[in-house]
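Worksheet: the structure to be examined is printed underneath.
Atom set for the values below is all heavy atoms of this structure, side chains included, hydrogens, waters and symmetry mates excluded.
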Amino acid sequence: MNKIISISTVKLCFLKIVIYTRKNMIKIPIRITVMGLFLLIATIIMSIMFYVQIHFAKDLAKNAMNEQFKMTSYKVEENIKRINSISNSIITSTMPFIKDIKSNDFFENKVKYLKLFSNILSENKNLYAIYIGFDDNRFFELINLDSKKELKSTYKAKKTDKWLLVEINAQQEKTLSLYDNTFNLSSSKKERTDFLVNERPWYKKSMQANNITKVGPYAFSNVKGNGITYSKNMNNSVLAIDILLQNFSSVLKTNKQLESYLFDTKVNIIAKSTKDDAIFNELIKTIDTDNFDINSIKTSSIEGKDYIYSLTLIKGYDKKEYLLSYVLLDEMMNSYIEKFSKMDKILIALFLFFVPILWYCASIIVKPILLLVKESEKVKNREFEKVTDVNSPVNEINLLSTSLKTMATSIYEYQYELEQKVTARTQELEIKNKELEILSITDKLTNTYNRIKLDNTIEDEMLKANKQNGTFSIIIIDIDYFKKVNDTYGHLIGDVTLVEFSKILKSALEDGHILGRWGGEEFVIISSIKTLPEIMALANILREKIQNHDFPSIGSKTASFGVSLYKNAETSESLINRADEALFIAKKNGRNRVETLEV
């Protein structure tokens, strides 16, 4: 409030000075008027220059972005052409060895074709798999385990394993065989499968055409990544290869300024140059790909920042693919703004040169006003007793000074009374807030923590464990056959049982444990115990105390326990689910038990 009054006072001072000077133009030196006009003209010129520079820099930035975008889209399309060319070449060169072959002949000579397929995979880094499907639903596929890091862990392969051979016979029996680089068999297993060759999209498409066909890009099912399937009808069979598109991200990253995304009509991302998709997700909400002006430069404001972006349709696939590139407008403008800096420096130097002159000219009027501002600052800082009169040859300033001093006294009296009321109300509010905070995290019936507090505590413990590379444990407890208590004795006795149950747990727990009601007849304990034997022992102590307790009205009662230990970087859902599954096992195994899924 003091600040508002002081600002209003200064405004009033300036207003009276302007009125006074209009009535007494002869008393004001002409140089003040000249310098004032000069300052105004200089400010206007500089503002116009800055405005022109900024808009000119924006146009240059958009033109530069357009050229870089065209280059990126050209590289993407050239990469597509290269992949198409390589794939067609692989299938064409393999045709003489495969065409018209029957499944029996193929599988009798599978070692020969195994080496043929491995040579093809070894010579092409982006080639993920090569396979052949026969009209009798027999299937033969060779996968290069080195083409993607997670493949070996997916199929539980050894470090020395390089090849995965997948064979499916006419009875839909699948054999998975792992080989090292010299085709020594590492392991093999058989399993049933519902995989049917003649139901696969690549098989159907090839059987309807005589030329090489493509399916994709699409997300592969057994590996993280997008790819394309190329296939060719071989009369009795269809030969196909899977190519990973991981090198597209490398192509997009060649442009250091633009962030680019390659995606399909359903906005499934095929490749991208950045890990953070936040800006892309915001831009794509505003883009209608069917009505977008392709290759044009657009501007969009996201979180207070302006981005320029462009969209184009990528050629080379059977279905529509789009390339979206964007860049922060300020980043593109910086290089051009720097080029205008010399002109700006000259203007600023001229301005600084005239500042002392303008200051001297304005001091005749400004000095008493500045003194009034200082007195106003005293009012703002509640130094009311230090406010003094400002003597000035200008009568209006004297009047302002007197008014300011009178106003300071009035403000002090009013503000003191107001502060007393605010202090009292603030104290009352703090007390109420503390009461509300306790109520918001407490279960009303059992007077233990509620679900909100438990969720927040688990998240806090996870952060602390991740930071210290440590762990903690949780116990989920469920009262056995609690529904029978409500059905037999009524909900009032059920509530009494829940309260008594929570008292047993509270009395048995020491510091370092958080107890709360999870919901219904379920309770959760969040413990600082870091080892499985210790937390299991605690759970069994609680179980025995409950088992041996004489509950009011109902007598004895038991409970089942599920225990889990936090694993580094896992989610709270995963931690709770393991404890919940352990609780389910305890109930399944007869209740009144402690179970865990931890090893």
Side-chain angles (χ1 to χ4, degrees), residues 58-59 61-88 126 201-202 205 208-209 211-220 225-231 241-302 306-329 332:
K58 284 183 179 180
D59 292 337
K62 289 180 180 180
N63 291 335
M65 191 270 186
N66 190 34
E67 292 301 318
Q68 293 185 33
F69 178 70
K70 289 179 180 178
M71 180 58 67
T72 301
S73 61
Y74 171 77
K75 289 180 180 179
V76 171
E77 289 181 352
E78 286 299 308
N79 197 45
I80 293 171
K81 291 177 183 178
R82 185 180 63 82
I83 290 175
N84 288 341
S85 176
I86 292 173
S87 303
N88 290 338
N126 290 324
W202 52 268
K205 194 169 184 179
Q208 297 171 358
N211 57 334
I212 296 174
T213 60
K214 289 185 293 183
V215 176
Y218 64 96
F220 286 160
N226 297 302
I228 308 172
T229 297
Y230 292 82
S231 56
I241 59 174
D242 285 343
I243 291 185
L244 290 169
L245 299 183
Q246 55 193 8
N247 66 328
F248 271 97
S249 294
S250 300
V251 172
L252 297 179
K253 290 177 182 177
T254 56
N255 191 310
K256 301 299 182 182
Q257 285 188 296
L258 300 186
E259 299 294 355
S260 300
Y261 284 78
L262 187 64
F263 61 96
D264 60 18
T265 53
K266 294 183 179 179
V267 198
N268 296 315
I269 298 174
I270 297 170
K272 58 183 180 179
S273 61
T274 180
K275 294 181 179 179
D276 187 359
D277 299 336
I279 303 302
F280 170 78
N281 292 333
E282 290 299 320
L283 288 175
I284 206 66
K285 292 177 184 177
T286 63
I287 296 175
D288 181 0
T289 53
D290 293 330
N291 299 315
F292 193 84
D293 187 7
I294 297 297
N295 295 323
S296 63
I297 304 298
K298 302 290 185 181
T299 303
S300 180
S301 182
I302 300 174
D306 289 334
Y307 291 83
I308 50 177
Y309 63 96
S310 188
L311 179 75
T312 190
L313 183 64
I314 295 298
K315 301 174 184 178
Y317 291 137
D318 295 335
K319 61 181 184 180
K320 286 185 177 180
E321 302 273 341
Y322 295 96
L323 175 68
L324 174 66
S325 295
Y326 67 86
V327 67
L328 191 63
L329 179 58
M332 291 295 290

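Considering only residues two or more places apart in sequence or on other chains, Ser300 meets the side-chain contact (heavy atoms from CB on, under 4.5 Å) condition with Leu283, Ile302, Tyr309. With sequence neighbours excluded, the residues that form a side-chain contact (heavy atoms from CB on, under 4.5 Å) with Ser231 are Trp202, Ser206, Thr213, Val238, Ala240. When the side-chain contact (heavy atoms from CB on, under 4.5 Å) test is applied to Asn88, the partners found at least two apart in sequence or on another chain are Ile212, Tyr230. Under the rule for a side chain to side chain donor-acceptor pair (under 3.5 Å), the partners of Thr312 that lie at least two apart in sequence or sit in another chain are Asn295. Not counting sequence neighbours, Lys275 has no partner by the side chain to side chain donor-acceptor pair (under 3.5 Å) test. A search for side chain to side chain donor-acceptor pair (under 3.5 Å) contacts involving Tyr261 returns Asp277, not counting sequence neighbours.
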### Task
Show the numbers, then the answer: is there a side-chain contact (heavy atoms from CB on, under 4.5 Å) between Leu324 and Phe280?
CA-CA 8 Å; Leu324 174 66; Phe280 170 78; 3.6 Å; yes

#### Entry: Derivation of the side chain to side chain donor-acceptor pair (under 3.5 Å) call for Asp242 and Thr229
CA-CA 5 Å; Asp242 285 343; Thr229 297; 2.6 Å; yes

### Query
Taking it one step at a time, do Thr72 and Leu323 satisfy side-chain contact (heavy atoms from CB on, under 4.5 Å)?
CA-CA 9 Å; Thr72 301; Leu323 175 68; 4.1 Å; yes

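In this structure, OG on Ser325 lies 12.5 Å from CE on Met71, to the nearest 0.5 angstrom. Expressed to the nearest 0.5 Å, how far CD1 of Ile297 lies from CG of Leu311 amounts to 10.5 Å. Distance OH/Tyr326 to OG/Ser310: 14.5 Å, rounded to 0.5 Å.
Leu329 has its side chain out of reach of Tyr307: every pair of non-hydrogen atoms, C-beta onward, lies at least 4.5 Å apart.
Between the side chain of Lys298 and the main chain of Ile308, no donor-acceptor pair closer than 3.5 Å is present.
Across all non-hydrogen atoms, the minimal contact from Lys214 to Lys205 is O-NZ, 2.6 Å.
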